[in-house]
2 protein chains.
Amino acid sequence: MHIIQVEPQVVFQALSDPIRIRIIRLLAETGEEACLCELVDSLLEPQYKLSRHVKVLRQAGLLAAEKDGRWVYHRLVRDVDYLNIAYDLLRALPDSEGLFARDLQNFHNRICLREGGRCRVGIQTASLYAAEGD
Amino acid sequence: MHIIQVEPQVVFQALSDPIRIRIIRLLAETGEEACLCELVDSLLEPQYKLSRHVKVLRQAGLLAAEKDGRWVYHRLVRDVDYLNIAYDLLRALPDSEGLFARDLQNFHNRICLREGGRCRVGIQTASLYAAEGD
DNA sequence: TGCATAGTTGCACAATAACGCATCTATGCA
DNA sequence: TGCATAGATGCGTTATTGTGCAACTATGCA
């Protein structure tokens, strides 16, 4: 394990985007790790978009990635004190319009598709949430 | 008093700049308020630059401004839970190169010039820190 | 009432960042 | 060994942001 020295402003910059906030908040709230397709089905955003945002979060030191076959699991970096405070901050944010609650619900639904705790399918948005529109 | 609803990413965006981090960190660490010229003498950055950065922080809901004669005092907004966590976060940041320690020292020196707890002078950088260079 | 000064802001410019599209890589399975 | 699929990325475009310079506003004092 290696700790990459990151300038503080890079961490805040990484969290200055709504989608990236939703990603980190989802993992902070659930304590889970998630592969990209699970994030796609939870946030209902294009795959290439989330792939880029996850990369930003990784380069900022907030996420660690672990490859498992075709899937790449992303989890929060927990061994930096001020990052844990950042996660607490995210969990303390208001959810005035219930947008985060929706992400959370979608994520829970998507987690149910795991087999042996591992994701075994790809993007399921079309079949799972087709009726939701949005 | 009124609370302006601010989207979370705006707060992080406000803290995504090194100078703005230094401003908030200084006020969080000392518990003080500061007028603009005191910030100029503490951070050793141009006045127009800090004026703009302070404006960003104000619009993001992190700072409140109070005018007193020719001086404008800036203080942290304390009545929002997640902002207080943000201030804790800033105080937990490393100061690997001692840059923040310098800001803090300059600020303490500058506070000594107050009369009756109020700033009564303008920018003193030239006379106070002329020898420091940078 | 005019001047010095604390602070703000319009403007132009350079750098950065988010996005959609399409394409590319890498891995498991038939 | 070829195909389907999870994920990454190059490119061009557009929007945003930080900065320096200079000019501006607002306030206290002689």
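Computed from a predicted model, the values in this text were never measured in an experiment. A, B, ... follow the sequence lines: proteins, then strands. Residue 1 opens every chain.
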*Which part of the nucleic acid, if any, lies within reach of A/Arg20 when heavy atoms closer than 4.0 Å are counted: base, sugar-phosphate only, or nothing?*
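A/Arg20: backbone/sugar contact only, no base atoms under 4.0 Å.
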
*When we call it a touch if two heavy atoms are under 4.0 Å apart, what does A/Val121 touch: a base, just sugar-phosphate, or nothing?*
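Here A/Val121 touches the backbone only, sparing every base.
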
*So, A/Glu32 and A/Arg110, do they make that salt bridge, N to O below 4.0 Å?*
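Between A/Arg110 and A/Glu32 there is no salt bridge, as every charged N stays at least 4.0 Å from the carboxylate O atoms.
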
[X] side chain, from C-beta outward: closest of [options]:
{"X": "B/Arg52", "options": "D/dG10, D/dC21, C/dA6", "value": "D/dC21"}
{"X": "B/Arg70", "options": "C/dA6, C/dT8, C/dA18", "value": "C/dA6"}
{"X": "B/Trp71", "options": "C/dC19, D/dG18, C/dA6", "value": "C/dA6"}

Quick check against the 3.5 Å criterion: does [X] have a side-chain atom that pairs as donor or acceptor with the backbone of [Y]?
{"X": "A/Arg20", "Y": "A/Ala14", "answer": "yes"}
{"X": "B/Gln59", "Y": "B/Val56", "answer": "no"}
{"X": "A/Arg58", "Y": "A/Ala65", "answer": "no"}

*Using a cut-off of 6.0 Å, state whether more than 12 heavy atoms not belonging to B/Asp81 lie near its atom CG.*
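At most 12 heavy atoms, drawn from other residues, nucleotides or ligands, come within 6.0 Å of this atom.
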
*Watson-Crick or G-U counterpart of D/dA30, or none if no pair lies under 3.5 Å*: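 Pairing partner, where one exists within any strand: C/dT1.
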
Just the rounded figure in Å: distance from [atom2] of [N] to [atom1] of [X].
{"X": "B/Asp41", "N": "C/dG7", "atom1": "CG", "atom2": "P", "result": "10 Å"}
{"X": "A/Leu15", "N": "C/dA18", "atom1": "CG", "atom2": "P", "result": "12 Å"}
{"X": "B/Lys49", "N": "C/dT8", "atom1": "NZ", "atom2": "P", "result": "16 Å"}
{"X": "A/Lys55", "N": "C/dA18", "atom1": "NZ", "atom2": "P", "result": "13 Å"}
{"X": "B/Leu36", "N": "C/dT5", "atom1": "CG", "atom2": "P", "result": "16 Å"}
{"X": "B/Ile123", "N": "C/dG7", "atom1": "CD1", "atom2": "C1'", "result": "9 Å"}
{"X": "B/Arg120", "N": "D/dT27", "atom1": "CZ", "atom2": "P", "result": "15 Å"}
{"X": "A/Leu63", "N": "D/dG7", "atom1": "CG", "atom2": "C1'", "result": "15 Å"}

*Would you say a side-chain N or O of B/Ser51 is under 4.0 Å from OP1 or OP2 of C/dT8?*
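For C/dT8, OP1 or OP2 has a side-chain N or O of B/Ser51 closer than 4.0 Å.
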
*Want to settle it: does B/Glu38 or A/Pro46 sit nearer the 5' end of DNA chain C, counting the closest nucleotide to each?*
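Nearer the 5' end of the strand: B/Glu38.
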
*asked:* Both A/Ser16 and B/Tyr48 contact DNA chain C. Which one's nearest nucleotide lies toward the 5' end?
replied: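 Closest to the 5' end, via its nearest nucleotide, is B/Tyr48.
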
*Nearest nucleotide by nearest heavy atom, which residue falls closer to the 5' end of DNA chain D, B/His53 or B/Gln47?*
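Per heavy-atom nearest nucleotide, the more 5' residue is B/His53.
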
